[in-house]
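Below is one structure; the comments refer to it alone.
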2 protein chains.
Amino acid sequence: MTTTGPSRRQRSDAQQNAIAVVKAAKEVFARGGVDAPAKEITDLAGVGVGTMYRHFPRRSDLVAAVMANEIDACADAAQALATAAKPGEALTQWAELYFDLVATKRGLAAALTSDDPGLQEIGPSVRDRLEPALQSLLDAARRTGAIHSELEAKGVITALALLCHPVPDEGVDFNRRLIAVFLNGLLVP
Amino acid sequence: MTTTGPSRRQRSDAQQNAIAVVKAAKEVFARGGVDAPAKEITDLAGVGVGTMYRHFPRRSDLVAAVMANEIDACADAAQALATAAKPGEALTQWAELYFDLVATKRGLAAALTSDDPGLQEIGPSVRDRLEPALQSLLDAARRTGAIHSELEAKGVITALALLCHPVPDEGVDFNRRLIAVFLNGLLVP
DNA sequence: AAATATACGGAAAGGTGTTCCGGAAAACAA
DNA sequence: TTGTTTTCCGGAACACCTTTCCGTATATTT
């Protein structure tokens with residue numbers, strides 16, 4: 001049996017490479033979706049495929065890394081909105097933020113709702129971060145009677161992610177309208 | 001240049017094989033989604049892969065063949081509902097039919113909204129069949145003031161298809177609730 | 001400078017979708 | 001029935017990706 005081996009701090013080139021891969025992935029994902037060939041990412045990052053898989057064994061790890069910053073910002077925004085605006089409006093505004101996060105990046109909506117084994121992790125991990133924030137918005141809205149439905153945060157966040165899927169021959173405004181109808185159904189007029 | 005060659009009627013074994021492939025695909029799609037390996041379908045059908053690709057060059061051709069009957073039935077049902085029920089209810093009832101068609105078949109919702117080149121055809125082809133029927137329901141509902149939104153048939157049918165996507169760890173009732181909220185937003189209370 | 005853990009690159013292995021073609025079989029003609 | 005023509009079949013071959021693996025290179029530590 002081995003105890004935790006002689007630990008040494010991570011090599012600096014490894015750190016640089018990880019950053020380069022995330023940056024390249026961000027660009028490639030935006031263009032070609034999260035199913036883009038690995039080689040496209042590694043070529044752009046200037047590393048070998050092995051390097052990518054060492055840092056991000058599953059595709060979901062890479063997707064999560066790409067989104068981490070924006071997810072955090074979105075969660076924080078929810079907290080801010082919870083106290084700043086009227087509950088009903090806060091919800092609408094937050095939905096718009098979430099929409100900007102998901103719908104404007106080709107393939108990201110698909111990643112969030114995929115049942116592909118390599119991506120299954122990411123939906124839940126994103127929700128773990130965002131659900132509590134959204135739930136507090138929902139609770140506040142429900143207390144003031146602004147909410148009609150029984151739906152919990154998971155339902156809302158799932159519906160939004162689904163309605164963000166790119167639709168052939170349509171721009172993001174199409175999705176925006178779908179979401180508007182959904183929110184309309186959620187909030188009491 | 002060649003004129004249309006000496007035409008002869010299709011061989012009977014070819015017809016049988018095509019039918020066998022569709023039948024097998026129906027079963028495999030229901031289990032494993034529309035991205036199931038081709039070999040799984042051909043093995044079940046008892047034919048070689050070449051046979052399948054000859055009859056159905058793109059995956060979407062096969063999916064369309066599998067669904068053709070049910071799509072027709074769903075479109076006809078819309079026509080019937082248009083005259084039978086109150087416009088608002090007719091819409092809700094038709095949505096339930098569409099839901100049964102799409103949500104209960106794993107992966108079919110994904111096929112309808114995929115941007116995979118091999119599947120792009122099927123969303124439109126289904127919509128071409130279903131949109132006119134739904135549009136007449138929408139128009140009727142709008143005439144009686146039961147409809148709130150500006151959304152056209154394409155928007156409604158797209159939203160329904162999206163909200164039918166299987167959600168990990170949740171059953172179809174989860175999707176049903178999402179759709180209920182959407183319809184609630186579509187119809188004036 | 002030497003020693004050692006860490007990380008790299010890309011070749012190899014494994015899998016799946018799609019094409020292709022020699023041979024088999026059905027349809028037709030006589 | 002027998003021969004000829006056309007269609008169609010099966011699965012090997014090809015192409016493209018993902019993922020693993022390991023000999024080599026390099027950063028870090030002593």
Side-chain angles (χ1 to χ4, degrees), chain A residues 2-22 24-25 28-29 31-63 107 111 114-122, chain B residues 2-25 28-29 31-63 107 110-111 114-122:
Chain A
T2 62
T3 62
T4 27
S7 99
R8 200 184 251 191
R9 87 160 184 275
Q10 186 189 44
R11 273 168 53 166
S12 59
D13 57 341
Q15 237 173 65
Q16 295 302 325
N17 277 326
I19 293 173
V21 168
V22 170
V28 170
F29 286 170
R31 279 207 311 271
V34 290
D35 288 329
K39 199 174 173 311
E40 217 169 298
I41 298 170
T42 57
D43 283 356
L44 185 59
V47 303
V49 279
T51 299
M52 172 180 143
Y53 278 97
R54 199 172 323 102
H55 286 293
F56 308 98
R58 286 164 307 157
R59 183 57 64 114
S60 63
D61 298 326
L62 189 51
V63 177
S114 171
D115 59 348
D116 174 328
L119 292 173
Q120 274 198 353
E121 200 78 355
I122 119 109
Chain B
T2 62
T3 62
T4 28
S7 99
R8 198 183 256 193
R9 88 158 183 274
Q10 186 188 43
R11 273 170 53 170
S12 59
D13 57 341
Q15 238 174 62
Q16 295 302 325
N17 278 327
I19 294 173
V21 167
V22 171
K23 190 179 164 199
V28 171
F29 285 170
R31 277 207 312 271
V34 289
D35 288 330
K39 199 173 172 311
E40 214 168 300
I41 298 170
T42 56
D43 283 357
L44 185 59
V47 303
V49 278
T51 299
M52 171 179 144
Y53 278 99
R54 199 172 324 101
H55 286 294
F56 307 98
R58 287 163 308 158
R59 184 55 67 112
S60 63
D61 297 326
L62 188 50
V63 176
S114 171
D115 59 349
D116 174 329
L119 292 174
Q120 274 197 355
E121 200 76 357
I122 118 108

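Here is the naming used below: chain letters follow the sequence lines, and residue numbers restart at 1 for every chain.
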Between B:His55 and D:dC8, is there a side-chain N or O to OP1/OP2 distance below 4.0 Å?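 For B:His55, the contact criterion (side-chain N or O under 4.0 Å from OP1 or OP2 of D:dC8) is not met.
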
d([atom1], [X]; [atom2], [N]) in whole Å:
X       : N      : atom1 : atom2 : result
B:Asp35 : C:dG15 : CG    : P     : 19 Å
B:Met52 : D:dG11 : CE    : C1'   : 14 Å
A:Asn17 : C:dG10 : CG    : P     : 12 Å
A:Arg59 : D:dC17 : CZ    : P     : 12 Å
A:Lys39 : C:dG9  : NZ    : P     : 13 Å
B:Phe56 : C:dT19 : CZ    : C1'   : 18 Å

State, to 0.1 Å, how close A:Ala45 and A:Ala20 come at their nearest heavy-atom pair, and which atoms those are.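 Taking every non-hydrogen atom into account, CB-O, 3.7 Å.
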
If you take all heavy atoms of A:Val34 and A:Phe29, which pair is closest and at what distance?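 Nearest pair, atom of A:Val34 first, then A:Phe29: CA-CD2, 3.7 Å.
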
Can you name the residues that form a side chain to side chain contact (heavy atoms under 4.5 Å, CB included) with [X], not counting sequence neighbours?
X       : result
A:Arg58 : A:Ser60, A:Asp61, A:Glu121
A:Ala36 : A:Val28
B:Gln10 : B:Ala14, B:Gln15, B:His55
A:Ala38 : A:Met52, A:Tyr53, A:Arg59

Within residues 40-48 of chain A, which residues have any heavy atom lying less than 4.0 Å from an atom of DNA chain D? none

All N/O contacts under 3.5 Å from nucleotides 20-27 of chain D to the protein, with atom names and distances to one decimal?
unit_1	atom_1	unit_2	atom_2	d
D:dT26	O2	A:Arg11	NH1	2.8

Touch class at under 4.0 angstrom, heavy-atom based, for B:Ala18 against every strand present: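 Nothing: the residue B:Ala18, judged by heavy atoms under 4.0 Å, touches no strand.
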
Side chain to side chain donor-acceptor pair (under 3.5 Å) partners for B:Arg11, two or more places apart: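 By the side chain to side chain donor-acceptor pair (under 3.5 Å) rule, B:Arg11 matches B:Asp13.
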
Pairing annotation in dot-bracket form, given for DNA chain C with Watson-Crick or G-U pairs under 3.5 Å and | for cross-strand partners: ||||||||||||||||||||||||||||||

Side-chain heavy atoms of A:Ile41 within contact of A:Leu62, under 4.5 Å: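 Result yes, sub-4.5 Å side-chain heavy-atom pair found.
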
All pairs passing side-chain hydrogen bond (donor to acceptor under 3.5 Å, both in side chains) where residues 36-47 of chain B contributes a residue, at least two apart: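 As it turns out, the side-chain hydrogen bond (donor to acceptor under 3.5 Å, both in side chains) pairs with a partner in residues 36-47 of chain B, which skip direct neighbours, are B:Lys39-B:Asp43.
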
